[in-house]
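Below you'll find the structure, written out as structure tokens, and then a few comments.
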Amino acid sequence: MTFKSIIDEIENNLNKILDDLSISDVKFSVEPAKPGFGDVSSNVTFLLAKQLKKSPKEISEMLSEKYSQCISALVSKPESHPSGYLNFYADWPKLNQLILSESNLPEFGDVDIGKNSTIVVEHTSVNPNKALHIGHIRNIIIGDTVSRILQKANYKVNVLNYVDDSGLQVADIIVGFKHFGYEIEPPEGKKFDHYCGDDVYVKTTEKYEQDSSLEEIRKNVLKELEDGNSETAQFADKITRRVLSNQLETCWNLSVSYDCLNFESQIIRSGLWDGIFEKLKEMNLVEFENDGKNVGCWVIRGDGKEEDKVIVRSNGTATYIAKDIPYAAWKLGLLDDPFHYEKYEKEQPNSRVLWQTTLNDSAFVSQNFSGDKVITVIDSRQARLQKIITSLMGKFKSIPDAYVHLGYESVTLSSDTAKVLGIETDGKQAQMSGRKGLYVNADSVYDLLKEKTTEETKKRHPEMDDSEIEKISHAVSVATLRYEMIKQDLDKIIAFDLTKSLSLEGDTAPYIQYTHARASRILEKSGRDSSIDVDFSLLREQSEIDLVKTIGLFNLQVRDAANNLSPKVISRYCHDLAVAFNSFYEKSKVLDLGDERLENSRLCLVHSFKITIEKALNLLGITAPDKM
RNA sequence: GGACUCGUUGCAUAGCUUGGAUAGUGCGAACGCUUGCGGAGCGUUAGGUCGCCGGUUCGAAUCCGGUCGGGUCCGCCA
């Protein structure tokens with residue numbers, strides 16, 4: 001039981017009062033109050049104004065009067081506000097005890113939205129021909145954070161990474177290696193994925209532009225890749241596996257992990273497409289064009305003014321979007337699973353088992369990574385295609401909203417950062433481009449952050465050994481990067497600026513982590529274990545009550561975040577918690593008060609804060625060191 | 001041309017789903033706080049016709065329509 005207890009109590013009592021007045025069907029709200037208006041507010045008075053032909057003010061006076069007659073465990077008094085609102089004041093000694101005791105349980109903050117059903121979250125899904133840049137990182141962090149939140153909301157989450165290991169982007173680096181003479185081994189000290197992206201890919205595509213006759217080579221390589229048994233395809237497989245391995249290192253370093261890797265090449269060879277294509281024909285969801293501009297193609301009819309979408313070309317081959325259809329259906333468990341499963345060759349740092357699909361019959365392990373619902377994290381430039389997939393899946397699966405495209409705006413480069421990379425943009429932000437080499441690699445940003453945080457930490461703790469410094473600066477760097485990627489709304493463009501991204505003050509992860517370190521320090525210095533067997537009525541300063549209240553809101557925030565698939569809700573909550581603690585820290589001393597009972601009560605509060613912020617940060621994939 | 005999306009203070013952003021009270025936060029600016037549990041902190045001040053016009057409503061940053069400005073998407077590419 002948390003702050004929600006008092007909300008529920010008020011809601012029940014108000015319903016009873018309305019019953020007595022023979023009023024029904026009023027959907028009023030009961031919410032945590034804005035600061036300065038008590039603890040809980042209801043808008044019920046406004047909603048009744050018309051029906052009762054009275055002003056909200058009169059109604060709130062009447063309801064407040066009636067409410068005083070109700071049995072209430074947690075409300076100390078109702079209050080009619082001149083604005084017409086009906087506000088409530090909590091009985092804090094009781095609520096303190098309720099919230100602070102509860103906060104010590106491991107499951108504090110859990111909500112049951114998923115009812116233990118399975119849900120698939122697909123994210124990352126990058127071509128394995130280059131290193132991950134910060135644009136990819138936004139996708140990855142959103143996906144990972146949403147997965148963590150859904151798990152807290154009692155979903156069984158299967159996290160998938162769709163490895164796009166066929167097609168043009170892969171063909172291009174193969175051309176570079178096989179025809180333009182690039183060495184297989186990267187130069188000393190360079191990661192293979194960086195080498196493939198920064199050197200082989202960028203320079204190979206440059207060459208096409210200079211000499212268009214080279215396009216012929218590209219086409220041939222693409223063709224060779226289609227035959228899985230060709231020497232070229234086997235070579236490409238080796239290369240992409242190696243890049244993938246490097247990309248995964250980047251992800252793991254950011255505390256991101258997966259359950260299963262799916263490979264586009266295998267989906268193509270699995271025959272899944274043929275099955276779903278037959279199904280689409282049977283259900284009349286695709287049509288064959290006998291004339292018009294798409295003559296000879298199979299198309300999906302456009303919605304309203306939208307154009308028809310070709311899914312099978314007149315030469316019989318499937319288009320890009322067509323490949324997504326069987327995968328989407330597979331994720332929803334609508335198709336017989338053609339895959340076997342084997343463990344990925346490297347272990348993930350958190351020991352979560354990572355599987356990968358294979359078409360090799362010698363692996364007999366079967367697994368099920370499908371879900372009742374599917375969330376696909378892809379940037380909103382693909383919204384149109386995803387809308388088509390969503391609509392098709394809606395026809396295959398009866399559960400409403402079974403397939404959700406979780407879109408987000410892209411990461412661009414600030415004009416200053418673009419300039420550093422050699423592009424003059426006239427003060428405007430610039431779209432990143434892998435082909436043009438216009439991007440900032442995730443590893444580079446991490447390295448810069450690491451350098452800065454290491455320096456900072458050393459300055460503050462000259463006594464610390466290198467391995468401890470390393471641990472702290474790693475935690476702070478990962479946190480900073482992750483927090484910056486989710487703290488704003490998904491549909492807001494992030495104009496990434498190298499200099500500004502290194503900021504460690506204000507609304508940043510280090511601010512929150514620092515707050516946690518302060519709490520840890522108090523607990524450490526106290527020299528005793530905190531207990532919940534304390535006098536809760538001693539916590540009556542405003543800053544103390546505000547902190548308890550914020551702690552008590554945890555599960556409501558998780559509910560909000562899960563319902564709206566909105567990571568930023570949790571990042572804001574973490575920030576709010578930190579602000580509440582810092583305000584408490586400034587106003588209420590905990591140690592050396594000469595009053596052991598008060599000290600124990602405050603220590604209990606500090607401890608509750610510490611474990612709650614740890615749980616909340618964990619949802620963001622952030623750990624908070626005890627010292628920093 | 002059509003569709004989607006964003007527009008809140010110098011800059012960046014929350015609140016919009018579910019309309020009500022004083023539009024919250026960070027950066028930047030000015031000033032202040034440390035023999036005290038960690039200053040990656042705290043406090044004070046300045047800065048807002050919530051793009052514009054209209055509609056619905058007792059009440060609109062929030063809902064609806066229009067309009068302007070930025071971004072994105074609209075291929076038998078992926």
Side-chain angles (χ1 to χ4, degrees), chain A residues 27-29 31 33-37 41 43 45-47 49-50 55-56 81-85 87 127 164 166-171 264 289 293-299 302-307 309-321 323 379-385 387 407 409-410 412 428-429 431 453 456-457 460-461 476 487-489 491-495 497 500 503-515 517-526 560 563-564 566 568 572 575-576 578-579 582-583 585-593 602 606 627-628:
Chain A
K27 285 207 172 117
F28 57 89
S29 70
E31 291 171 332
K34 283 195 207 176
F37 296 104
S41 297
N43 68 350
T45 52
F46 295 101
L47 303 180
K50 196 172 250 178
S55 73
H81 189 269
S83 62
Y85 261 103
N87 296 329
N127 287 111
D164 202 350
S166 50
L168 263 188
Q169 296 216 16
V170 170
E264 183 180 63
E289 292 286 63
K293 65 171 185 171
N294 294 327
V295 61
C297 301
W298 288 89
V299 304
D303 208 18
K305 287 175 185 165
E306 283 164 26
E307 297 271 320
K309 190 78 207 165
V310 172
I311 64 163
V312 175
R313 302 184 185 101
S314 52
N315 67 6
T317 57
T319 58
Y320 171 72
I321 180 177
K323 292 178 211 162
D379 93 68
S380 46
R381 281 178 291 200
Q382 302 235 26
R384 184 150 253 143
L385 295 181
K387 199 181 148 206
E409 269 297 343
S410 49
T412 63
K428 287 185 179 168
Q429 44 186 267
Q431 290 287 332
T453 52
E456 281 291 322
T457 313
R460 284 154 211 262
H461 299 281
V476 176
K487 78 172 179 188
Q488 60 282 78
D489 205 81
D491 47 30
K492 234 121 195 179
I493 296 168
I494 296 180
D497 187 280
K500 287 182 186 156
S503 160
L504 308 174
E505 290 166 9
D507 183 11
T508 65
Y511 168 82
I512 300 166
Q513 289 172 310
Y514 179 75
T515 311
R518 278 177 147 181
S520 300
R521 189 79 176 128
I522 293 175
L523 293 169
E524 185 198 321
K525 278 199 127 180
S526 77
D560 188 13
N563 280 333
N564 295 302
S566 181
K568 72 157 187 238
R572 296 195 68 76
H575 184 256
D576 289 348
V579 168
N582 278 328
S583 162
Y585 183 91
E586 209 66 26
K587 285 170 194 146
S588 309
K589 212 167 142 44
V590 177
L591 302 176
D592 305 323
L593 298 174
R602 288 187 177 166
V606 173
K627 291 180 188 170
M628 61 184 276

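In what follows, chains are A, B, ... by sequence order, proteins preceding strands, each numbered from 1. Any value given below was found using the heavy atoms of this structure, including those in side chains, with hydrogens, waters and symmetry copies removed.
Out of rC42(B), rC76(B), rG38(B), the shortest distance to the side chain of N582(A) is found at rC42(B). Counting only heavy atoms from C-beta on, R572(A) has its side chain closest to rA14(B) among rG39(B), rG26(B), rA14(B). Here the side chain of I493(A) is nearest to one of rG71(B), rC37(B), rA78(B), namely rG71(B). The K568(A) side chain lies nearest to rA14(B) when the options are rC74(B), rA14(B), rC37(B).
Applying the 3.5 Å distance criterion, the base of rA21(B) shares a donor-acceptor pair with the side chain of S41(A). Between the side chain of N87(A) and the base of rA21(B) there is at least one donor-acceptor pair of N/O atoms closer than 3.5 Å.
Residue contacts for N564(A): at a heavy-atom cut-off of 4.0 Å it reaches a base atom on one of the strands shown. Backbone-only contact: Q488(A) has heavy atoms under 4.0 Å from sugar-phosphate atoms and none from a base. G36(A) comes within contact range of at least one nucleobase, with a heavy-atom separation under 4.0 Å. Across all strands, K293(A) comes closer than 4.0 Å to base atoms (heavy-atom distances). The residue Y320(A) sits close to a base: some heavy atom pair falls under 4.0 Å. As judged by a 4.0 angstrom heavy-atom cut-off over every strand, N43(A) is placed among residues making no nucleic acid contact. Across all strands shown, V170(A) has no heavy atoms under 4.0 Å from either base or sugar-phosphate atoms. Counting any heavy atom pair closer than 4.0 Å across all strands shown, K525(A) reaches sugar-phosphate atoms only and no base atom. Within 4.0 Å of S29(A), counting heavy atoms only, lies no atom of the nucleic acid at all. Residue S583(A) is classed as having no contact, given no heavy-atom separation below 4.0 Å to the nucleic acid. Residue R518(A) is classed as a sugar-phosphate contact, given heavy-atom separations below 4.0 Å to backbone atoms only. Heavy atoms of R521(A) sit under 4.0 angstrom from at least one base atom.
If you find the closest nucleotide of RNA chain B to E456(A) and to G296(A), the one lying nearer the 5' end belongs to E456(A). Between D489(A) and E409(A), the residue anchored nearer the 5' end of RNA chain B, judged by the nucleotide with its closest heavy atom, is E409(A).
Remark: the separation of the P atoms in rG43(B) and rU17(B) is 30 Å, to the nearest Å.
Atom NZ in K428(A) sits about 10 Å away from atom C1' in rG71(B), given to the nearest Å. In this structure, Q429(A) places its CD atom 14 Å from P of rC11(B), rounding to the nearest Å. A straight line from CG of N563(A) to P of rC16(B) spans 14 Å, rounded to a whole angstrom. Here rG41(B) presents its C1' atom at 14 Å from CG of L504(A), a figure rounded to the nearest Å. The separation between R460(A) atom CZ and rU34(B) atom P is 20 Å, rounded to whole Å. To the nearest angstrom, P of rG41(B) lies 11 Å from CD1 of I512(A). For the pair D379(A) CG and rG71(B) C1', the computed distance is 13 Å after rounding to whole Å. In this structure, L385(A) atom CG and rC74(B) atom C1' are separated by 10 Å, rounded to whole Å.
Rounding to the nearest 0.5 angstrom, the gap separating the CD atom in E505(A) from the OH atom in Y514(A) is 11.0 Å. Put simply, CG on D303(A) and CZ on R384(A) are 10.0 Å apart, with the number rounded to the nearest 0.5 Å. To the nearest 0.5 Å, the span separating OG1 on T457(A) from NZ on K627(A) amounts to 12.5 Å.
OP1 and OP2 of rG15(B) both lie 4.0 Å or more from every side-chain N or O belonging to K34(A).
With centroids closer than 5.5 Å and planes inclined by less than 30 degrees as the test, Y85(A) and the base of rA21(B) pass as a stacked pair.
By the 6.0 Å contact criterion, CD on E307(A) is open, its count of non-hydrogen atoms from other residues, nucleotides or ligands being 12 or less.
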